[in-house]
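Notes follow once the structure below has been shown.
Residue numbers count from 1 along this sequence. Here the structure is a predicted model, which means the values were calculated and not measured. FYI, side chains are in, hydrogens and waters are out, and symmetry mates aren't considered; it's all heavy atoms of this structure.
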Amino acid sequence: MHDIDSKAMMKCRLDLLGKCGKQKFGRHSARHYFTSVVYFVRWLWRSEVIEHLPRVLDKRGEDELSISVPASRAIVFTKEEITRLLDNAPDRTKLFLLLMLNCGMTQKDVADLLVTEVDWIAGRIIRKRSKTSREENVPVVNYALWPETFRLLRKFRAEESSDRVLLNQNGKPLWEESRTSSGGLRKNDNIKNAYERLRSDLEIKKSLKSLKKSSATLIRDNERFRGLEGLFLGHAPQSMSDKHYTAIPQITFDEAVLWLGKEFSIVTSDCE
């Protein structure tokens with residue numbers, strides 16, 4: 001096999017950008033394709049299939065070759081939309097929404113919540129995100145529950161369950177995944193189903209994942225609490241600047257979560 005040189009890499013990049021210009025696909029796709037090409041060329045070089053690595057793939061060159069994409073703006077709920085959702089939701093659905101707003105949860109986080117992850121005296125949830133629970137650098141986050149969140153959590157706690165806090169009306173997990181006989185993935189998401197009924201009635205188009213983003217965005221935009229949004233979402237520190245949140249006192253995070261509840265008009269001032 002002939003070596004792949006810098007000219008070939010730059011031509012590949014220009015071809016992808018040309019397809020973007022012709023609107024055959026977007027810049028996000030172009031960047032994904034080019035990143036895959038770079039990875040493949042590096043693999044060829046490490047495997048000694050090609051003798052030389054293109055010079056443009058040194059650290060500086062790769063940064064200059066990368067295809068930029070426009071910064072995506074998080075889709076968030078307005079405070080008025082959140083009030084409408086909570087005011088019109090049945091209590092059980094309201095609990096799901098509150099857990100997402102209060103603790104940055106996804107549907108799977110809510111479904112996976114264990115009895116042992118709740119402090120039933122102090123009104124707290126202490127856990128890692130379900131998606132990254134096995135990763136060592138992911139923080140165990142201690143969330144103070146808003147009074148209404150805690151009230152509904154106690155109300156709907158599954159008495160027959162010794163592990164999961166919440167189950168559906170058939171005593172099954174709220175989120176289940178299984179394989180079909182043909183190998184496809186079958187998913188049953190009770191939380192999403194409940195939300196779809198609610199938002200259809202209210203003609204709200206935003207998705208469930210925008211709830212936790214709404215809370216995280218408010219924290220990020222508050223000068224006092226900026227930097228805690230990653231902790232709120234249960235993310236591992238991504239940079240040196242992120243890592244400072246591991247040293248922030250719990251009281252600061254509690255204040256951020258309480259402030260969130262007030263911003264959404266869920267917590268009254270006399271709940272401090």
Side-chain angles (χ1 to χ4, degrees), residues 82 85-86 89 91-168 173-175 189-192 194-195 208-220 225 227-237 245-246 248-264 266-268 271-272:
I82 287 174
L85 284 169
L86 296 177
D91 275 358
R92 187 174 177 81
T93 305
K94 183 179 181 181
L95 171 60
F96 302 152
L97 304 183
L98 286 174
L99 285 170
M100 295 176 176
L101 291 167
N102 192 162
C103 307
M105 287 183 162
T106 63
Q107 300 101 286
K108 193 169 191 313
D109 288 315
V110 174
D112 289 346
L113 181 63
L114 301 177
V115 173
T116 55
E117 294 173 334
V118 181
D119 184 332
W120 297 98
I121 303 299
R124 290 179 173 273
I125 286 176
I126 306 166
R127 72 190 302 273
K128 285 187 177 186
R129 291 183 65 201
S130 294
K131 184 178 179 180
T132 51
S133 60
R134 296 184 181 181
E135 296 182 18
E136 292 184 5
N137 62 337
V138 172
V140 176
V141 189
N142 187 326
Y143 300 93
L145 297 178
W146 301 327
E148 182 67 354
T149 310
F150 192 35
R151 180 185 76 83
L152 292 174
L153 192 64
R154 286 181 294 184
K155 177 179 178 179
F156 290 105
R157 176 178 176 178
E159 296 180 0
E160 67 276 19
S161 174
S162 59
D163 52 359
R164 296 176 189 260
V165 176
L166 300 169
L167 299 172
N168 66 19
L174 294 168
W175 171 293
D189 185 347
N190 288 261
I191 298 171
K192 183 179 180 181
Y195 174 69
L208 269 175
K209 65 182 179 181
S210 290
L211 286 170
K212 66 172 188 172
K213 290 181 180 179
S214 301
S215 292
T217 299
L218 280 178
I219 292 175
R220 183 199 63 200
F225 302 126
L228 285 172
E229 64 273 13
L231 177 62
F232 176 80
L233 293 171
H235 292 169
Y245 68 55
T246 60
I248 289 180
Q250 180 68 43
I251 191 171
T252 306
F253 187 63
D254 287 351
E255 289 171 354
V257 173
L258 177 63
W259 172 80
L260 266 181
K262 292 179 179 178
E263 285 294 295
F264 291 134
I266 298 167
V267 175
T268 57
C271 289
E272 296 186 62

List in chain and number order the residues that pass ring pair (Phe, Tyr, Trp, His ring centres under 6.0 Å) with Y195, two or more places apart in sequence or in another chain; answer none if no residue qualifies. none
Side chain to side chain donor-acceptor pair (under 3.5 Å) involving S214 - partner list, sequence neighbours excluded: none
What closest approach, in Å, do G234 and R129 show between heavy atoms, and which atom pair accounts for it? O-CD, 3.6 Å
Output for pair (L85 CG, L101 CG), nearest 0.5 Å, gives 8.5 Å
Name the residue from L153, L114, L174, I125 that meets the side-chain contact (heavy atoms from CB on, under 4.5 Å) definition with V165. L153
Any side-chain heavy-atom pair from P139 and L231 closer than 4.5 angstrom? yes
Do the side chains of M100 and Q107 get nearer than 4.5 Å, heavy atoms only? yes
Think R154 forms a cation-pi with F150, using NZ or CZ under 6.0 Å from the six-ring centre and within 45 degrees of its axis? yes
Of the non-hydrogen atoms in F96 and L166, which two are nearest, and what is the gap between them? CE2-CD1, 4.2 Å
What orientation do F232 and F253 show, parallel under 30°, tilted 30 to 60°, or perpendicular over 60°? tilted
N190 and P173: which non-hydrogen atoms are nearest, and at how many Å? ND2-O, 3.8 Å
Let me confirm one number: the SG-CH2 distance from C103 to W146, rounded to the nearest 0.5 Å. 8.0 Å
Residues passing the side chain to side chain donor-acceptor pair (under 3.5 Å) test with E229, sequence neighbours excluded, are none
Could you give me the CA-CA distance, side-chain angles and deciding distance for R157 and V118, then say whether side chain to side chain contact (heavy atoms under 4.5 Å, CB included) is met? CA-CA 11 Å; R157 176 178 176 178; V118 181; over 6 Å; no
Given N102 and I266, is the side chain to side chain contact (heavy atoms under 4.5 Å, CB included) satisfied, shown in steps? CA-CA 10 Å; N102 192 162; I266 298 167; over 6 Å; no
Might you confirm whether atom NZ of K192 has over 12 heavy atoms from other residues, nucleotides or ligands at distances under 6.0 Å? no
Heavy atoms of L97 and L86 approach each other most closely as CB-CD2, 3.9 Å
Those residues that, when tested against K94, pass side chain to side chain donor-acceptor pair (under 3.5 Å) (two or more places apart): E148
Hey, what do you get for CG (L218) to CZ (F225), rounding to the nearest 0.5 Å? 11.5 Å
With side chain to side chain contact (heavy atoms under 4.5 Å, CB included) as the test, would you mind laying out the steps for L228 and E255 before giving the verdict? CA-CA 11 Å; L228 285 172; E255 289 171 354; over 6 Å; no
I need the T116 OG1 to D163 CG distance, nearest 0.5 Å. 8.5 Å
Search all heavy atoms of I191 against all heavy atoms of A111 and return the closest pair with its distance. CD1-N, 4.3 Å
What's the shortest heavy-atom distance between A144 and V257, and which atoms? O-CG1, 3.4 Å
State which residues pass side chain to side chain donor-acceptor pair (under 3.5 Å) with R220; sequence neighbours excluded, sorted by chain then number. none
Tell me which pairs pass salt bridge (charged side-chain N to carboxylate O under 4.0 Å, His left out) where either residue lies in residues 107-121, with sequence neighbours left out. K108-D112, D109-R127, D112-R164, E117-R127
Quick one: does any side-chain atom of Q250 pair with a main-chain N or O of N142 as donor and acceptor, under 3.5 Å? yes
Could you state the interatomic distance from CG (L98) to OG1 (T149), rounded to the nearest 0.5 Å? 4.0 Å
Is the closest side-chain heavy-atom distance between P147 and V267 below 4.5 Å? yes
